[in-house]
Amino acid sequence: RRTALHAAAGLPAAALIGAPGLARAAEFEWKYGHNLPVTHPLHLRAQEAVDRIARETNGRVEIKIFPNNQLGGDTDMLSQVRSGGITFFTPSALVIATLVPVAAINALGFVFTDYNHVWKAMDGGVGAAVRQAISRVNLHAFEKMWDNGFRQMTTSGRAITDASAMDGLKIRVPVSPLSISMFRGLGAAPASLQFSEVYSALQTRIVDAQENPLPIIQVAKLYEVQKSCALSNHIWDGYWFIANGRAWRGLPADLQRIVSNAINEAGLQQRGDIAGLNATVQADLQSKGLAFNPTEPDSFRAKLRAAGFYNEWKGRFGDEAWSLLEASVGKLA
Ligand code: X2X
């Protein structure tokens, strides 16, 4: 379309229709919104994917990315992708779980110890069950989940070294029932805020703490408004790449294949980017003034167990999803 406009500058629009030799408007002109700064690997790989899609479909599918909450926060984008106002969105598992409760299953506290377990579950039975649940609300989820990372806690107050430091802590969590339940179980005072509001909420001390993977703390510059980071690895979080169901079904099968391949392959590369970042990001954040400390994971797990957290969520997710998770990570609490 850009080519057509440039080539035909000055011509009335009607003159373009059917004009031989001119590129036409894309048949599928779609919007994709997400919540991250453009320096995050999710944005960079998604940009490569949409460029590849335009090329391989000869311009029939053109996707424009709206990064960094330009179209509103997570809750807004989730309703836009449902209505078709945007065609693609990448909600975190925590966020899409407001609509598809079982999608939060990967975010259960302290279930994954490493990435082997994560991808075994999410590329296997757990991921398949979640994708099926997502399809029931008329959204299409692409096969390969993208990585957000293991979530860590940061605070502007005293360092969080074990679970007793959680008592009364005012901590921001995503708009996610599981996050609220987990941090209440730990004795904290969690508040749900969309990601678009996090930096200023920390800056103005509406909350004292937040939790996110280190690459997000880096690209969103949260280290500017936080003092210390507890390496808690309490949740593994990923992004589902989703499409509006009606729009997706309206795409011819050959184009669906091109779009799926480009997005899934970009997702695998994005996982590699996060793995690479994980090797360097702590040193970078340290050099920017964020202090790091280890935690005692057992103290957190014990507090959650005592609060009835695992039993409650086993009930909420249901036995079927629970056994799929156990098939990947071993017997749970
Ligand atoms: O909102 C967050 O904390 C983030 C960026 O990790 C999610 O998208 C859930």
Side-chain angles (χ1 to χ4, degrees), residues 32-46 65-81 88-101 103-109 112 118 122 130 141 145-155 170-183 188 190-203 206-223 225-226 229-230 232-242 267 270-271 273-274 277-278 281 285:
Y32 159 40
H34 69 72
N35 68 356
L36 295 179
V38 296
T39 44
H40 191 278
L42 175 136
H43 177 81
L44 299 168
R45 292 298 182 182
I65 308 183
F66 295 83
N68 214 8
N69 301 298
Q70 278 174 14
L71 300 178
D74 292 304
T75 312
D76 309 300
M77 287 190 280
L78 191 57
S79 68
Q80 287 169 37
V81 75
F88 300 97
F89 176 39
T90 36
S92 139
L94 290 165
V95 167
I96 196 172
T98 55
L99 189 63
V100 182
I105 192 158
N106 61 264
L108 202 66
F112 292 117
V118 167
M122 304 323 293
V130 172
M145 212 178 180
W146 295 42
D147 196 8
N148 189 356
F150 280 91
R151 301 181 77 92
Q152 320 293 350
M153 302 180 199
T154 67
T155 175
K170 281 200 278 180
I171 184 168
R172 174 271 172 178
V173 296
V175 179
S176 145
L178 181 122
S179 300
I180 289 285
S181 161
M182 178 169 168
F183 281 90
S192 274
L193 291 175
Q194 306 194 86
F195 189 62
S196 48
E197 300 171 289
V198 172
Y199 186 96
S200 70
L202 293 167
Q203 192 176 35
I206 288 171
V207 291
D208 297 318
Q210 69 84 42
E211 43 85 58
N212 250 302
L214 300 186
I216 291 214
I217 294 166
Q218 184 182 48
V219 297
K221 299 188 179 353
L222 301 184
Y223 55 83
V225 287
Q226 294 283 268
C229 178
S232 52
N233 293 305
H234 54 280
I235 281 174
W236 176 79
D237 188 19
Y239 287 99
W240 285 108
F241 212 114
I242 60 170
Q270 189 268 355
R271 293 178 186 181
D273 297 338
I274 296 287
L277 268 181
N278 283 341
V281 63
L285 291 172

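In listed order, ligands and their atoms are each counted from 1. A quick note: this is a predicted structure, and the numbers were derived from the prediction, not measured.
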Completion exercise
In this structure, CG of Asn148 is separated from CG of Leu94 (nearest 0.5 Å) by 8.5 Å
Handout entry: Residues forming a ring-ring contact (aromatic ring centres under 6.0 Å, His included) with His40, sequence neighbours excluded
Key = none
Practice task
Anything with a heavy atom under 4.0 Å from ligand 1 counts, so go ahead and list those protein residues by chain and number.
Solution key: Asn35, Ser92, Asn148, Arg151, Arg172, Pro174, Phe195, Asn212, Ile216, Asp237, Tyr239
Handout entry: salt bridge (charged side-chain N to carboxylate O under 4.0 Å, His left out) partners of Arg172, counting only residues at least two apart
Key = none
Problem - Close side-chain approach of Phe66 to Tyr32, heavy-atom, < 4.5 Å - result: no
Completion exercise
Sequence neighbours excluded, the answer for side-chain contact (heavy atoms from CB on, under 4.5 Å) partners of Gln218 is Leu277, Val281, Asp284, Leu285
Practice task
To the nearest 0.5 Å, tell me how far Asp237 CG sits from Trp146 CH2.
Solution key: 15.0 Å
